[in-house]
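The structure appears right after this line, and notes come after that.
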Amino acid sequence: MKYYQNPPELNRSRKFPDNLVCAHDLLLKAKNGEKGNRKVERYAVPAFNVTTFQGINAAVEAFEILGASGLLAFSNSALKHFGRGDAVAGLAIASQYVETLAKTSTVKLATHLDHGDYMSETGRKVVQAAVRNLTSVMADNSTDKAAGKPTSLEDNIGLTREVVNMAHPVGVSVEGELGVLAGEEDEDTRAEESTYTNPVELEQFLKGTGVLMLAPTIGTKHGPNKGKPGEKVKLNIQLAHELLKIADNISDDIVFVAHGASTLYGEVVAYATERLKQLGGHHTDRTKWSEFVGTDWEQIKGLIGAGFCKINTDTENRQTYLAALLGAVAENAAKIDIRWYDNVTTRALTQSYLKKLILAGDYGVWHEPRIDVANFKFEITV
Ligand code: G3H
Ligand code: 13P
Ligand code: ZN
């Protein structure tokens, strides 16, 4: 592997069109607590996984309401969904859609490939297309998805470095992963066990790859079942601080990323359970809802102090969407104008996004919020 020379630095002179920016620019602002010309406390930028055009609209709406830094993340399966089974086609479609919205956006937006890998042939094609069309990519080479086992440190560094070599010179930021995260990553990938990032490997990984965004594993988990009901998820915040010290010694520009950062909102569970009862007969679904476990916000908040300024959030928004859809069907299951259901779920998604952005402190970055942030009340309405 040719990673003995210094990795290329992120080209900061690259200008993306209109209001599109490199994801790392937004994250560095968050790490340094910058909002407009003000210096505030460190905050985090939630990376929302979007899977439909309405989902993108809902997120952009929330960013604009709050004047927030906007990070839109596309998973491989989401890209396949946009592209009728073809992730590269989906990437072109989705990125053009965001580019159009960015022309008139009041905030800065970054587009990010979530869980891209540089191991498989298709993975490589999607990453290459993302470097051409998005402003940021994740090169998740910590697990060999086909073999279902962790990759060696050397292979992880080598593969991630290939992506940095390609992306940094054109101003596209790269996120690497070190350690294995448990849970459901995408429709094809699931790891039962998580292994914490080994601090001894961190310096070698960061220096060898040159990534400025790193997802260490400190106990978060993907998907709706992050633990057992009644058993709270506990993150290794001490390890997170230990890792931050090592990273800051290499460069203050390095930011950490928390995957599996979804919380679970009691009001969403209550709303969905109520609507399921109203619809009748869905006992197994009610049981599934009662078994959902998220990570308490207090835990995620603890990570922000340890430099986790990108917090990946998918599941909680899906739950809000689904709760709203159940509400819409319970209210009226004979609407022929299907945009009505779309509007109900899109409004709910916007609420879900607003909630997380406010919790993370991502508001008032590009302009003053258009709502009273302190008195925001999350509501699902039909
Ligand atoms: O961590 C990844 C996300 O939850 C992606 O989920 O692949 O089903 O879109 P997805
Ligand atoms: P959640 O499943 O907790 O929403 O995590 C999403 C994620 O990590 C996307 O990369
Ligand atoms: Zn993830």
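Counting convention: from 1, in listed order, for ligands and their atoms alike.
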For Tyr43 and Glu34, run side chain to side chain donor-acceptor pair (under 3.5 Å): C-alpha distance rounded to whole Å, both residues' side-chain angles, the deciding distance at 0.1 Å, then the answer.
CA-CA 9 Å; Tyr43 58 98; Glu34 290 167 17; over 6 Å; no
With the Zn ion (ligand 3) as the point of reference, which N/O/S atom of His222 is the closest?
NE2
Between Lys277 and Glu274, does at least one N-O distance fall below 4.0 Å, as a salt bridge requires?
yes
N or O contact, Ser75 vs ligand 1, cut-off under 3.5 Å
yes
Answer yes or no: does an N/O atom from Arg318 fall short of 3.5 Å to an N/O atom of ligand 1?
yes
Presence of salt bridge, Asp362 and Lys356, under 4.0 angstrom:
no
Would you find a donor on one side and an acceptor on the other, under 3.5 Å apart, between the side chain of Thr135 and the backbone of Val21?
yes
Quick check: Phe82 with Phe53 (ring centres under 6.0 Å apart)?
yes
If we ignore angles and hydrogens, is there a donor and acceptor under 3.5 Å between the side chains of Asn141 and Thr151?
no
Purely on distance, is any nitrogen or oxygen of His259 under 3.5 Å from one on ligand 1?
no
For residues Lys377 and Asn375, is any side-chain donor paired with an opposing acceptor at under 3.5 Å?
no
Would you mind listing which atoms of ligand 2 come within a distance below 4.0 Å of any non-hydrogen atom of His222?
2 (O), 5 (O), 6 (C), 7 (C), 8 (O), 10 (O)
Going by heavy-atom distance to atom 3 (O) of ligand 2, choose the closest among Lys221, Gln319, His259, Lys226.
Lys226
Ligand-side contact atoms (ligand 1) for residue partner Asp314, heavy atom cut-off under 4.0 Å:
3 (C), 4 (O), 5 (C), 6 (O)
Tell me whether Lys29 forms a cation-pi arrangement with Trp366, defined as NZ or CZ under 6.0 Å from the six-membered ring centre and within 45 degrees of its axis.
yes
Check this for me, if you would: do Asp248 and Lys31 make a salt bridge, where the nitrogen-to-carboxylate-oxygen distance has to be below 4.0 angstrom?
yes
Out of Asp140, Asp314, Asp114, who is nearest to atom 9 (C) of ligand 2 when you count heavy atoms only?
Asp114
Atom name, His259 (N, O or S, nearest to the Zn ion (ligand 3))
ND1
Which of the numbered atoms in ligand 2 are under 4.0 angstrom from any heavy atom belonging to Ala261?
3 (O), 5 (O)
Going by atom types only, do Thr320 and Ser352 share a side-chain donor-acceptor pair under 3.5 Å?
yes
Can an N or O of His115 be found at a distance shorter than 3.5 Å from an N or O of ligand 2?
yes
Atom indices of ligand 2, in the order listed, that fall short of 4.0 Å to a heavy atom of Thr313
4 (O)
Find all atoms of ligand 1 within a distance of less than 4.0 Å from any non-hydrogen atom belonging to Ser77, and give their numbers and elements.
7 (O), 8 (O), 9 (O), 10 (P)
The answer for which part of Thr295 has a heavy atom under 4.0 Å from ligand 2 is neither
Honestly, is Lys35 close enough over Tyr363, meaning NZ or CZ under 6.0 Å from the six-membered ring centre and within 45° of the axis?
yes
Between Glu316 and Lys355, is there a side-chain N and carboxylate O pair less than 4.0 Å apart?
no
With atoms numbered from 1 as shown, which atoms in ligand 2 lie under 4.0 angstrom from a non-hydrogen atom of Gly223?
2 (O)
Which single N/O/S atom of His115 lies at minimum distance from the Zn ion (ligand 3)?
NE2
List ligand 1 atoms under 4.0 Å from Asp114, heavy atoms only on the residue side.
1 (O), 2 (C)
Proximal ligand 1 atoms for His115, defined as those under 4.0 Å from one of its heavy atoms:
1 (O), 2 (C)
Per-atom contacts, ligand 2 versus Asn49 - under 4.0 Å to a heavy atom:
9 (C)
Atoms of ligand 2 close to Ser262 [distance to a heavy atom under 4.0 angstrom, numbered from 1]:
1 (P), 3 (O), 4 (O)
